[in-house]
**Q** 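Okay, here's the structure, questions in a sec.
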Amino acid sequence: MRPHDPPAPSYAFGYRTPPRSGNEINGLGSTERRRPRKVFHNPGGETLPWDALDGFFSLINPPGAVRHIVANIWQLRRRDGPVSPQQLRVDDPAAMADRIKAAAKSFGADLAGVARMTEEAVYEGVEVPYRFAVSIGLTMDRDEMQYVPHKRAAVEVLRAYRTVSRVAIELGEYIRDLGWPARAYGNPNSTDLLHIPLAVSAGLGELGKHGSLISKEHGSNIRLATVVTDLPLATDEPVDIGVDDLCRTCRRCVIDCPPDAIFNEKQLVRGEEKWYVDFDRCIPYFTKTYGCAICIQVCPWSEPGRGPKLSEKLLAARSIDSD
């Protein structure tokens, strides 16, 4: 897939006084291991360095996207709720994890996994006092996403966020009915945690060069939500599907990124070598194009049906090289 007539990275908006670099805030080049810090796209009420651009982004969203945003905000009032006083005893956390993942899929999820909560996935200054995270993935309509980076694709992205939030909300309610606390995080209420690190830990996929999750089955054509809980659950393990093998040599997203925001090599971020996208280059174009999403759609792994065979081929080639 190729991007649908992407506009040039020139802007009719900008800061008179540029804010602090988002890359610096994100910890690019830093050897210090620390929690992430909030930069942009935060409905929690805090004053953030890039708030003005975030506000402009909200104002230019197409009506179809706004409809999904408003509906999502309304349904996310149910992210928390009363817990049944009758608590189900859990003797087999593995069986309970299977039950919860099956419930997530019955509510509409395409992917589900369980991870332990870690500080690396929680924003600085925030506490998420739960032991486990159920990571949920939902695929987007590929036919609609072929229109990136334009309004039609933006509407599909927000539809997917609304839907995966609903799945998380219903799963949280299901867990609370079992007598255990649970809170749903979708978008736009993901003010406390990062979905991608939890999804990686839960075995949903691996981090790609474009800074998004790549799943074996659906590539990056997915949106994520999370349910945090104290319900005793066996955790899943991170997977190795060969993403690094592909990303080290593939330059598709690098070539197709109009603002040249994608690094060809891993970067040092908060003391860890990882794939990273240049925030200061990406976010103006992201704003101009209603959320862009070029990189996740041009990724070869996002081609329907291609992922499993691609993973098998990459892992086989690695095995041959190591012999």
Side-chain angles (χ1 to χ4, degrees), residues 1 3-13 22 38-45 48 50-79 108-110 136-170 184-191 194-196 210-213 218-226 256-259 261 277 279 282-299 302:
M1 176 180 171
H4 188 77
D5 191 23
S10 57
Y11 311 106
F13 54 86
K38 299 177 183 179
V39 186
F40 177 86
H41 209 47
N42 171 50
L48 300 181
W50 290 74
D51 271 349
L53 192 58
D54 191 12
F56 180 69
F57 176 71
S58 299
L59 290 172
I60 65 171
N61 267 308
V66 172
R67 176 171 62 87
H68 290 304
I69 292 170
V70 172
N72 201 12
I73 291 171
W74 178 250
Q75 70 177 353
L76 281 165
R77 77 194 190 283
R78 294 161 43 209
R79 62 185 178 272
D110 294 300
I136 300 163
L138 180 100
T139 57
M140 295 181 287
D141 187 324
R142 182 72 169 175
D143 290 337
E144 294 299 305
M145 292 306 295
Q146 71 176 316
Y147 293 98
V148 296
H150 301 286
K151 293 179 181 180
R152 183 166 173 176
V155 173
E156 171 57 19
V157 169
L158 272 300
R159 181 209 63 81
Y161 271 133
R162 175 184 176 184
T163 303
V164 76
S165 292
R166 175 191 57 74
V167 173
I169 290 164
E170 293 181 359
Y185 284 97
N187 185 312
N189 85 318
S190 300
T191 56
L194 297 174
H195 294 292
I196 293 176
H210 50 26
S212 292
L213 187 79
H218 309 291
S220 295
N221 191 42
I222 56 175
R223 294 292 159 175
L224 300 170
T226 304
D256 283 335
C257 177
V277 174
F279 177 92
C282 173
I283 211 66
Y285 195 80
F286 174 96
T287 300
K288 176 178 180 175
T289 56
Y290 318 102
C292 190
I294 287 174
C295 58
I296 65 175
Q297 292 305 314
V298 301
C299 176
S302 294

**Q** Measuring from Met145:CE to Thr139:OG1, what's the distance to the nearest 0.5 Å?
**A** 11.5 Å
**Q** Determine the minimum heavy-atom distance between Phe13 and Pro284, stating which atoms define it.
**A**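 Here Phe13 and Pro284 meet closest at CZ-O, 3.5 Å.
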**Q** What I'd like to find out is whether the side chain of Gln75 reaches to under 4.5 Å of the side chain of Ile169, using heavy atoms alone.
**A**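 Yes - at least one pair of side-chain heavy atoms lies under 4.5 Å apart.
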**Q** State whether the side chain of Gln297 and the backbone N or O of Ile294 hold a donor-acceptor pair below 3.5 Å, judged by distance alone.
**A** no
**Q** Answer yes or no: is there a side-chain heavy-atom contact under 4.5 Å between Pro7 and Thr289?
**A** yes
**Q** Ignoring hydrogens and geometry, is there a side-chain-to-backbone donor-acceptor pair from Ser302 to Ile296 under 3.5 Å?
**A** yes
**Q** Going from CD1 on Ile222 to OG on Ser212, what distance comes out if it is rounded to the nearest 0.5 angstrom?
**A** 9.0 Å
**Q** Not counting sequence neighbours, which residues clear side-chain hydrogen bond (donor to acceptor under 3.5 Å, both in side chains) with Thr287? List them please.
**A**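 None.
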**Q** With Tyr147, which residues qualify under side-chain hydrogen bond (donor to acceptor under 3.5 Å, both in side chains), at least two apart?
**A** Arg152
**Q** Do His68 and Arg162 pair up side chain to side chain, a donor and an acceptor below 3.5 Å, judged on atom types alone?
**A** yes
**Q** Is there side-chain contact between Asp256 and Cys295, with at least one heavy-atom pair below 4.5 Å?
**A**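 No, side chains not in contact.
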**Q** Within the distance-only criterion (no hydrogens, no angle test), does the side chain of Lys288 pair as donor or acceptor with the backbone N or O of Pro9 below 3.5 angstrom?
**A** no
**Q** Does His195 reach the main-chain N or O of Gly137 with its side chain, forming a donor-acceptor pair under 3.5 Å?
**A** no
**Q** Could you tell me if the side chain of Pro149 sits less than 4.5 Å from the side chain of Pro6, heavy atoms only?
**A** yes
**Q** Without swapping roles, check the side chain of Glu156 against the backbone of Asp141 for a donor-acceptor pair under 3.5 Å.
**A**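 Checking the backbone N and O of Asp141 against the side chain of Glu156, a donor-acceptor pair under 3.5 Å is found.
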**Q** So which heavy atom on Gly211 is nearest to which on Val277, and how close?
**A**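 Scanning both residues, the minimum pair turns out to be N-CG2, 3.9 Å.
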**Q** If you measure from CG on Asp110 to CE on Met140, what distance do you get to the nearest 0.5 Å?
**A**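 Those atoms lie 11.5 Å apart.
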**Q** Please identify each residue that fulfils side-chain hydrogen bond (donor to acceptor under 3.5 Å, both in side chains) with Ser220, with sequence neighbours left out.
**A**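 In terms of side-chain hydrogen bond (donor to acceptor under 3.5 Å, both in side chains), with neighbours along the sequence ignored, Ser220 is linked to His210.
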**Q** Between atom CD1 of Ile136 and atom OG1 of Thr163, what is the distance when rounded to the nearest 0.5 Å?
**A**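 Here the rounded value is 12.5 Å.
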**Q** Flag the pair Ile283 / Phe40 as yes when at least one side-chain heavy-atom distance between them is below 4.5 Å, and no otherwise.
**A**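 A side-chain contact under 4.5 Å exists here.
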**Q** With sequence neighbours left out, what residues match Val39 under side chain to side chain contact (heavy atoms under 4.5 Å, CB included)?
**A**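 In terms of side chain to side chain contact (heavy atoms under 4.5 Å, CB included), with neighbours along the sequence ignored, Val39 is linked to Ile25, Asn26, Trp50, Phe279.
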**Q** Are any of the side-chain heavy atoms of Ser165 and Tyr185 separated by less than 4.5 Å?
**A** no
**Q** A side-chain contact here means heavy atoms from C-beta on lying under 4.5 Å apart; do Ser10 and Tyr285 qualify?
**A**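 Side chain of Ser10 against side chain of Tyr285, heavy atoms only: no contact under 4.5 Å found.
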**Q** With distance as the sole test, does Tyr161 use its side chain to make a donor-acceptor pair with the main-chain N or O of Ala225 at under 3.5 Å?
**A**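 Judged by distance alone, no pair lies under 3.5 Å.
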**Q** Among all residues two or more places apart in sequence or in another chain, which pass the ring pair (Phe, Tyr, Trp, His ring centres under 6.0 Å) test with Phe286?
**A** Phe57
**Q** Given side chains that start at C-beta, do those of Ile196 and Leu224 come closer than 4.5 Å, heavy atoms only?
**A**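 Counting from C-beta outward, Ile196 and Leu224 do come under 4.5 Å.
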**Q** When you measure from the side chain of Asn221 to the backbone of His218, do you find a donor-acceptor pair of N or O atoms at a distance under 3.5 Å?
**A** no
**Q** Can you sort out the partners of Asn61 under side-chain hydrogen bond (donor to acceptor under 3.5 Å, both in side chains), two or more places apart, ordered by chain and number?
**A**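 Here no residue qualifies.
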